[in-house]
Amino acid sequence: MSGETREAVLAPAALDRLARVADLVPGLLVTDFGADDPAQRDGLQDAEVLFTGWGCPPLDPAALSTMPRLRAVIHAAGSVKHHITQDVWDRGIAVSTAATANAVPVAEYTVAAILFANKNILESARVYRRARSRVNLLERFPRIGNYRRTVGIVGASRIGRRVVELLRPYDLRVLVHDPYLAEADARVLGVERTGLDDLVAQSDVVSIHAPELPSTRHLFDARTLARMRDGATLVNTARGSLVDTDALVKELVPGRLNAVLDHTEPEVLPADSPLYDLPNVLLTPHIAGSQGGELHRLADSAVDELERYAHGLPFAHAVDPHTLHQQA
């Protein structure tokens, strides 16, 4: 992992747990598998498990050749697509991810965004700030509230499913679109399975949780966005590439739609983008995922997996190479 990741994720308590369950060289941090470092060479030569995080270089044939005893990779972060190559699977190396732990704060952020969107928080706060006096809520916001509103979840991913779970206490109708979601699974989740066009046309809030794939690029294009209800809110905590930014701007500038955007394309918008200043847009800097103290949950999850491995148990959060192409 990168040095920055180590400092942020591996607090002293996590390092203590690691040292109790594994033969650990605390000072060894690998950021380049090809580095000319005798201590690194010796450490990798004996390594049975790699404990990885953001910034891990790819585990290609050259990297794997330095680790003849490697049997498992435990990733203290979400997606493993950046460093797990086909060569890892070909060698039969087991892989675990803390993606489930990382899904928790994203789902929490999303639920907060959904509930606030249905209460028209951005607009009502703006009206109150301008009026600086009592606001006639029934007159200005006759439809606000979460009771029996319709929420559309695009993608029954880890995060999408966690959002559905967290929404259960509320009196909401929840629709889900996911080409891989079976009707029986939808019933277990307690949601209505539907097509994307029907979902966006019926939902007061649409939240995106689909993976970034060639097939999902600009899933929300001009046609799909045009089908959304007037006054509906689009929440994107997935990847910016799933939304056509230019098409979204055209819907947001006149105020027909609202948006809560934690991911955009490009990831950092140009300084002159109208999305920074539109009153109907809440734009956040990729903050929905694990941040600050939430990073310790990733470390705890990864160390839990290492303990399972040490006791000869299967990973609780193993990555399946056969379904990885469907995931973020």
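Each residue takes its place number in the sequence, starting with 1.
- The aromatic rings of Tyr309 and Phe315 lie parallel to each other, with less than 30° between the two planes, well short of the 60° mark.
- The CZ atom of Arg162 lies 7.0 Å from the CD atom of Glu108; values are rounded to the nearest 0.5 Å.
- Side-chain contact check for Asp32 versus Pro57: every heavy-atom pair is 4.5 Å or farther apart.
- Residues Leu175 and Val151 have side chains not in contact (no heavy-atom distance under 4.5 Å, counting atoms from C-beta outward).
- Counting heavy atoms of neighbouring residues, nucleotides and ligands inside a 6.0 Å radius, atom CG of Asn136 exceeds 12 of them.
- Under the 4.5 Å side-chain heavy-atom criterion for Ile, Leu, Val, Met, Phe, Trp and Tyr, Ile144 and Leu172 are members of distinct hydrophobic clusters.
- The pair Asp304-Arg17 meets the salt-bridge criterion, since a charged nitrogen lies less than 4.0 angstrom from a carboxylate oxygen.
- In this structure the side chain of Tyr147 never reaches within 4.5 angstrom of the side chain of Asn118, judged on heavy atoms.
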**Study point:** Residue pair Glu294, Arg297: steps toward the salt bridge (Lys or Arg N to Asp or Glu O under 4.0 Å) verdict
**Key:** CA-CA 5 Å; Glu294 295 165 337; Arg297 182 188 285 118; 5.2 Å; no
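- In this structure, Ile159 is a member of the same hydrophobic cluster as Leu115, with clusters built from ILVMFWY side-chain heavy atoms closer than 4.5 Å.
- Remark: the backbone N or O of Thr194 is paired with a side-chain donor or acceptor of His177 at under 3.5 angstrom.
- Of the charged side-chain nitrogens involved, none lies within less than 4.0 Å of a carboxylate oxygen, so that Lys81 and Glu212 do not count as a salt-bridged pair.
- Of all heavy-atom pairs between Leu257 and Leu225, the closest is CD1-O, 3.9 Å.
- The pair Asp171-Arg148 does not meet the salt-bridge criterion, since no charged nitrogen lies less than 4.0 angstrom from a carboxylate oxygen.
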Practice item. Kindly determine whether Leu64 and Val88 satisfy side chain to side chain contact (heavy atoms under 4.5 Å, CB included), including the steps that lead there. Key: CA-CA 8 Å; Leu64 291 171; Val88 172; 4.2 Å; yes
Practice item. Go through Thr284 and Tyr109 one step at a time and tell me if the side chain to side chain donor-acceptor pair (under 3.5 Å) criterion holds. Key: CA-CA 11 Å; Thr284 56; Tyr109 174 107; 2.7 Å; yes
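- Screening Asp262, Val260, Leu275 for a side-chain contact (heavy atoms from CB on, under 4.5 Å) involving Leu282 leaves a single residue, Val260.
- At a threshold of 4.0 Å, the pair Asp197-Arg223 counts as salt-bridged, since one of the basic side-chain nitrogens sits closer than that to a carboxylate oxygen.
- Remark: the Glu305 side chain and the His317 side chain contain no N/O donor-acceptor pair separated by less than 3.5 Å.
- Leu242 and Ile153 are members of different hydrophobic clusters when ILVMFWY side chains are connected at heavy-atom separations under 4.5 Å.
- Under the salt bridge (Lys or Arg N to Asp or Glu O under 4.0 Å) criterion, Arg168 pairs with no residue at all, not counting sequence neighbours.
- Remark: Glu48 pairs with no residue by the salt bridge (Lys or Arg N to Asp or Glu O under 4.0 Å) rule, at least two apart or across chains.
- Looking only at atom types and distance, the side chain of Gln202 has a donor-acceptor partner in the side chain of Arg173 under 3.5 Å away.
- Panel note: side chain Asn280, backbone Leu252; a donor-acceptor pair is recorded below 3.5 Å.
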Practice item. Evaluate the criterion salt bridge (Lys or Arg N to Asp or Glu O under 4.0 Å) for residue pair Asp244 and Arg217; output intermediate values, then yes/no. Key: CA-CA 8 Å; Asp244 182 335; Arg217 176 168 178 79; over 6 Å; no
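- Side-chain heavy atoms closer than 4.5 Å link hydrophobic residues (I, L, V, M, F, W, Y) into clusters, and following such links, possibly through other members, connects Val95 to Met67.
- Residue Ile84 is tested with Val73, Val319, Ile93 for a side-chain contact (heavy atoms from CB on, under 4.5 Å); the sole match is Val73.
- Phe141 and Leu122 end up in different hydrophobic clusters when Ile, Leu, Val, Met, Phe, Trp and Tyr side chains are linked at under 4.5 Å.
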